[in-house]
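Taking it in order: structure first as structure tokens, then the write-up.
Quick caveat: nothing in here was measured; it's all calculated off a predicted structure. Throughout, a chain's letter reflects where its sequence line sits, starting with A, and its residues are numbered from 1.
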Amino acid sequence: MDYANIEKKWNEKWERDGLYRFDEKNLDKKYYLLEMFSYPSGLNLHLGHWWNFGLSDSFGRFKRMQGYNVFQPMGFDSFGLPAENYALKTGIHPEDSTLRNISVMENQLKNIGGTFNWEYELITCKPEYYKWTQWLFVQLYKNGLAYQKEAPVNWCPSCNTVIANEQVVEGVCERCGTEVIRKNMKQWFFKITNYAERLLLGLDNLDWPQKTKLLQKNWIGKSIGCEVDFKTEDGQNTLTVFTSRVDTIFGVSWLVIAPEHPLLSKLVTPENKANVKEYVEKAAKKDEIARSSTNNEKTGVFTGTYVINPLNGNKVPLFVADYVIASYATGIVMGVAAHDERDYDFAKVYNVPVVQVIQPLNEGKVDLPYVEYGKLINSGEFDGLTSEEAKIKIVEKLEKIGAGRKKVNYKLRDWSVSRQRYWGCPIPIIHCPKCGAVPVPEEQLPVLLPRIHDYKPEGEGPLGKVEEYMSVKCPVCGQNARRDPDTLDAFVCSSFYQLRYPDVHNDKQIFSSEKINKICPVDTYVGGVEHATAHLLYSRFVTKFLYDLNLINFDEPFKRLVHQGMVLGSDGKKMSKRNGGKTADEYVNEFGSDALRLTMMFSMNYVDGGPWNDEGLKHMTAFMDRIDRIVSKWASLDGENNSQLNRKEEQDLEYARAYCVKEMTESFEVFSFNTAIARLMELVNAMYKYDKFELKNNVLAKNVALDVIKLIAPAAPHFAEELWQNVGEKYSVHNQKYPVYEKSKLIRDSVEVVLQVNSKIVARMEIPSSSSNQEAIDFAKSNEKIKSLIDGKNIIKEIVVPGRLIKIIVK
RNA sequence: GCUGGUGUGGCGGAAUGGCAGACGCACAGGACUUAAAAUCCUGAGAGGGCAACUUCGUGUGGGUUCAAGUCCCACCACCAGCACCA
């Protein structure tokens, strides 16, 4: 069979026939399968695309043959940095390069032979899509979840531009190598922090990889503790600290305030002003990396101010130090040298007292710092309590005297969405000197992105230079106003796309129909783990927000998530053009897409990924030939039941088929494609084994052959279709039911078990499958070898694992 | 540093606590062929033995169990995420 050449024919026919069309009228058995859409950031699909799209398409085909109405739309995440960088590199306008790349990629994706529902295609950089991105922004704004504030951005002084976090590599600009500095600019934020608790709780019910849930959990970073108010000595100011270890409060020897803290200037005494000023300026210059590095020695200076511990009245000094982060919790922390690593380091340098207030429950001696829980000492009325008890009692006391309260903090920060870039969704906000920030009225959306040619990033939104874009009347008061010159982070575009697919052609409303509630949420979502704390978190936030607006009736976007591993070069390193990676198309042209898909499926574990080796393609082609030969032969047997096989042989063949069907079904379900193909190889091997009987007429053999075609159809769709036609069956194999197995066929008359004496294998024997445990032991004892080993010895124990082993322990 | 994950033949990789290495590659032998390729069949973890057989084997060291790649403890190596979050 000429694998590469049959594919075009079938692709065309399937498309003509609309074979895989999604049936909107039959939503009860819908299955929404989605792969993370790709950036049109280059021209050629590489093996990674195939790994993602091709293999999950096989999963979709499998579901389809099981009778599901599979919805598997496809689109392009076409705004944002990857597309813009490609444009900057090639000098072609982003709109042109993006649309051209999309059309090339569409064709290549069609070559996969996927069952994608192209009628629902969406492209995020098109106005009919980004209208809804802007609509989402407006809804968030109206509900108080989009706001503007001064915030630091990454600034490259050499390129004279703001750059994204992903473009900062080890503190320097990825393009020119200049050290990146932080600069404050007015930015839009989405208040994802309002949803921190729900984003955390929702994880429990998701069928997602543990790893990913944990990444999100740590990213959200919930910390339960309390706030404690320390008054300054003069009673003029209150400094509130957050601590998760209030049980150590009697060990507080100092307080530390962050250099950027707004209260700081008020708290510095005149004689310390110069020192503190110098320190704060130095800290501001340090970039994030240097400041956050752990082996960094603790530094800080005394502010001259003393504060009073509300529980024991102790007077302790206030320091300023850059190991405290202004933006987390209150920006002030208490220093307990005996029970915190960082505080201990600080105390060593500044020679402040170390007071132990916790000891281990066994009262043994400890090396400080001791950060575990234990029993309180040197803590006045709380002595003797455990840390857990003390936390409760101390908060109660603090609340009683009005000096503290329970508090929960999260590491999660609000989502920064402003980008000083051209190639993105325009922010639908008008800044009016009188009315302030006013959202563009919904009926005026979309705000179109103007086509301009001077779009190089220069620190401010390039749109700011386009007067006809910027100049606008305020929708509220009608006065002259200005548009927002920035565009939205592309993650905004992708935060709801899966909701848009089902009703993508409706340009009046986004959540108009029952369709969305019926088709969504996504049943299985396939994509890389690298989006764990970005796209996958943002989508969950947006879905919960839309749920709160009563627009949808579910509050999680993706029920089940599967991460595909990474395809590596044959040297085990990341694939690149340099180490000779061919494009996917080159493989397809030479071997055909089915061989490529099968090879990928078989040679690596889907979740782990692994090294890719061209060799595999040759072998897979040989396997396909092998199937072709035996299946063609067996399927052409006429269906008279005139078997040359005896009962045992028939049973074994039935067993081989049933076992293969069972295992393949289970493997496909969990994306374990490599073992699925292995099981199919076993069945094919079994067919060759029985082929030596020169079968002439055999119903069983014919059915096995037809089943093999169906079983391989999801993995090698063109090959299976061709084979199906060649053996004279009616088009199309893809409309056949996926084979099911009869449980009874998995039971044969007899089964081989292992006989062990004292955990050593001494023999094997065939015993009837129906044997009870006692009968099995009796069979074992009748074995000559066993007899000789247990004769005259005490039998301590007899163990039977049905169908597997019989073990006798003797002494 | 913290948190997770991984570690199995020459290679890719399999194994609900129950025959380690499924399936495949590379390898060796055989059949077919004038020959080669292709195909079909057989063998194969490592060491020792002519052989029946035997010893050792899932990163290292301990433990639990009739039985451990799998569970527990400690350690080593690599990978990923977070990175002073009080």
For B/G49, is chi within 90° of 0 (syn) or not (anti)? anti
Can you classify the ring geometry of A/H531 versus A/H535 as parallel (below 30°), tilted (30 to 60°) or perpendicular (above 60°)? perpendicular
Each nucleotide N or O in nucleotides 10-14 of chain B that has a protein N or O under 3.5 Å away: list the pair and distance.
from, atom 1, to, atom 2, distance (Å)
B/G12, O2', A/S603, O, 2.3
B/G13, O3', A/N674, ND2, 3.1
B/A14, OP1, A/N605, ND2, 2.6
B/A14, OP1, A/N674, ND2, 3.1

Hey, does the side chain of A/Y323 come within less than 4.0 Å of B/A86's phosphate (OP1/OP2), counting only N and O? no
Write down the distance separating the P atoms in B/C41 and B/U6, rounded off to the nearest Å. 37 Å
Taking the six-membered ring of A/Y688, is NZ or CZ of A/R626 closer than 6.0 Å to its centre and within 45° of its axis? yes
Rounding to an integer number of angstrom, what distance separates B/A44 and B/U8 when you compare their P atoms? 24 Å
Would you call A/D691 and A/K633 a salt bridge, taking side-chain N to carboxylate O under 4.0 Å as the test? yes
Once you apply a heavy-atom cut-off of 4.0 Å, does A/N685 come out as touching a base, just sugar-phosphate, or nothing? sugar-phosphate
Expressed as a whole number of angstroms, how long is the span from A/M624:CE to B/G24:C1'? 16 Å
Selection: residues 796-811 of chain A, any non-hydrogen atom under 4.0 Å of RNA chain B: A/K797, A/I799, A/V801, A/R804, A/L805, A/K807, A/I809
Categorize A/A532 for me: base, sugar-phosphate, or nothing, with a 4.0 angstrom heavy-atom threshold over every strand shown. nothing
Determine whether a donor-acceptor pair (one donor, one acceptor, N or O, separation below 3.5 Å) exists between the side chain of A/K411 and the base of B/C82. no
Using atom P of each nucleotide, how far apart are B/A52 and B/G43 to the nearest Å? 15 Å
B/G24 - base-pair partner by Watson-Crick or wobble geometry, distances under 3.5 Å: B/C11
Polar atoms only, N or O, under 3.5 Å: list the protein pairs with nucleotides 26-29 of chain B and their distances.
none

Tell me what A/R626 touches on the nucleic acid: a base, only sugar-phosphate, or nothing, going by heavy atoms under 4.0 Å. sugar-phosphate
Quick one: A/L214 CG to B/G81 P, roughly how many Å, whole number? 14 Å
Pairing partner (Watson-Crick or G-U wobble, both distances under 3.5 angstrom) of B/G4: B/C79
Ion pair A/K348/A/D345, N-O distance below 4.0 Å: yes
Within the structure shown, what part of the strands sits under 4.0 Å from A/Y410 by heavy-atom distance: base, sugar-phosphate, or nothing? nothing
